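If you're wondering where the values come from, they're calculated on a predicted model, not measured in any experiment. Lettering follows sequence order; numbering is per chain, from 1.
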2 protein chains.
Amino acid sequence: MARSIDKTKIENIRNSAMELVVEKGYGGASISEIAKKAAVADGYLYRFYKSKSELVNDLLYSLLKELVDNMELFISDTKLSVKDVIEKLVRLLFEMANQQSRKIKFLFVLMHDYNFEVHPEQRKRIFDLCRKAKNKGIKTKEISSAVDEEAIYLFTVSMPIQFLNLRLKNFFGKSSIGEKEIKMAINLSSKILL
Amino acid sequence: MARSIDKTKIENIRNSAMELVVEKGYGGASISEIAKKAAVADGYLYRFYKSKSELVNDLLYSLLKELVDNMELFISDTKLSVKDVIEKLVRLLFEMANQQSRKIKFLFVLMHDYNFEVHPEQRKRIFDLCRKAKNKGIKTKEISSAVDEEAIYLFTVSMPIQFLNLRLKNFFGKSSIGEKEIKMAINLSSKILL
DNA sequence: TTAAGATGAGTGAATACTCATTCATTTAAA
DNA sequence: TTTAAATGAATGAGTATTCACTCATCTTAA
């Protein structure tokens with residue numbers, strides 16, 4: 001009956017929130033600044049989210065979902081070996097760092113914040129996918145049974161993200177994230193797991 | 001002439017600040033709450049620090065100094081092989097996680113915050129120590145020249161801290177940090193670097 | 001017309017930080 | 001040994017500002 005919701009406004013809010021949380025931390029990213037950056041009224045986001053916390057939690061959830069959905073796609077593809085899966089996953093993370101570094105940084109910031117928890121359901125999904133990868137690897141004799149789910153997560157997700165952020169922060173004076181670095185990360189993961 | 005400064009008060013402020021930053025993030029840790037937890041007047045900390053930011057930065061600096069000083073001790077000890085150095089360093093981090101998890105968590109939180117930067121001087125120290133370890137390893141033929149400073153940092157500092165925080169957060173339902181886990185972490189680092 | 005999208009001034013609470021004041025301790029004169 | 005002046009450690013009420021959030025109001029497309 002009346003005009004329809006302008007979805008670009010919500011998208012702007014989500015992008016602004018992400019950017020400001022990365023830049024200033026959760027506590028430092030204020031609602032009014034988020035709204036200002038999104039070119040939207042101060043109170044507008046409360047039509048969609050009950051609170052600032054809910055908005056940011058939803059952002060984290062969506063981003064992880066995007067990542068885990070992709071993981072699932074790779075692992076479920078029976079044509080791919082475990083080595084292939086690792087390569088695909090690492091490539092995905094590196095591409096994200098290059099093309100939408102905001103997202104990698106946001107993940108990085110919130111996953112290390114003791115205020116925010118990965119949703120238990122998502123945690124379980126991640127665990128199950130790591131187990132699936134492990135079992136696949138044992139079947140194809142790529143993985144020794146000594147490797148557990150935690151190690152798989154650590155070296156295919158955690159470690160690449162850690163590396164990417166060293167580069168994004170220019171920690172050791174290097175910031176390049178190219179094919180050379182992708183190959184290196186894949187090698188390291190493979191060396192450990194396979 | 002007057003009473004002397006009660007150093008336990010300052011220490012209490014530092015401990016409270018650390019705890020609250022871990023629990024609520026930098027923005028969420030308010031001065032009044034820090035003071036309350038330290039059983040000290042609201043404005044007291046301003047006799048020693050110009051601002052909240054200065055206090056927290058000093059906390060990060062001290063903690064890193066403690067760590068880097070130890071790294072230096074290990075690497076400078078000519079009796080130790082690179083494998084020994086890795087073992088010592090990993091053990092140090094794991095002990096810290098067991099006995100003063102607040103410190104590991106604080107490091108974890110602030111090193112992943114885009115507001116806080118490791119002091120350039122400390123960054124350089126870390127880089128130089130990694131280089132020293134690399135050169136030592138090449139001399140003793142423990143390390144291939146393909147391994148660079150960044151990889152050393154990643155697998156002897158970053159990765160163990162990452163693992164410890166998975167456990168401290170109980171991410172995969174496991175929280176034990178014992179000898180078994182230490183051995184595993186040392187193994188993984190060695191496997192990559194040596 | 002009208003229903004719903006969108007606004008932004010307004011709310012009380014909380015924020016980081018200041019400073020006039022109080023209090024405990026030390027020193028030294030009586 | 002006693003006492004009071006001198007000192008600076010420590011306090012906490014007070015500052016302006018900003019915070020997350022609400023809601024009466026306006027705008028616009030159906």
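- Relative ring orientation between A:His112 and B:His112 is described as parallel, the plane-to-plane angle staying below 30° on a 0-90° scale split at 30° and 60°.
- For the pair A:Glu179 and A:Lys183, the salt-bridge criterion is met [side-chain N within less than 4.0 Å of a carboxylate O].
- Look at A:Arg14 and A:Asp58 and you find a salt bridge, because one of the NZ, NE, NH1 or NH2 atoms lies within 4.0 Å of a carboxylate O, short of that distance.
- Shown here are the ring pair (Phe, Tyr, Trp, His ring centres under 6.0 Å) partners of B:Phe163, two or more places apart in sequence or in another chain: B:Phe94.
- Screening A:Arg125, A:Arg131, A:Lys124, A:Lys132 for a salt bridge (charged side-chain N to carboxylate O under 4.0 Å, His left out) with A:Asp128, the sole residue that qualifies is A:Lys124.
- In this structure, A:Ile34 places its CD1 atom 14 Å from C1' of D:dT18, rounding to the nearest Å.
- Note on A:Glu87 versus A:Arg91: salt bridge recorded, some NZ/NE/NH1/NH2 to OD/OE distance being below 4.0 Å.
- Using modelled atom types, one side-chain atom of B:Lys136 and one backbone atom of B:Leu80 make a donor-acceptor pair closer than 3.5 Å.
- Of the residues in residues 11-23 of chain B, none has a non-hydrogen atom less than 4.0 angstrom from any atom of DNA chain D.
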Tell me, for nucleotides 6-17 of chain C in 5' to 3' order, what letter each nucleotide earns: B for a base near a protein heavy atom under 4.0 Å, S for only sugar-phosphate near one, - for neither? BBB------SSB
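- Residues B:Lys174 and B:Glu181 are not paired through a salt bridge, judged by the lack of any N-O separation under 4.0 Å between the basic side chain and the carboxylate.
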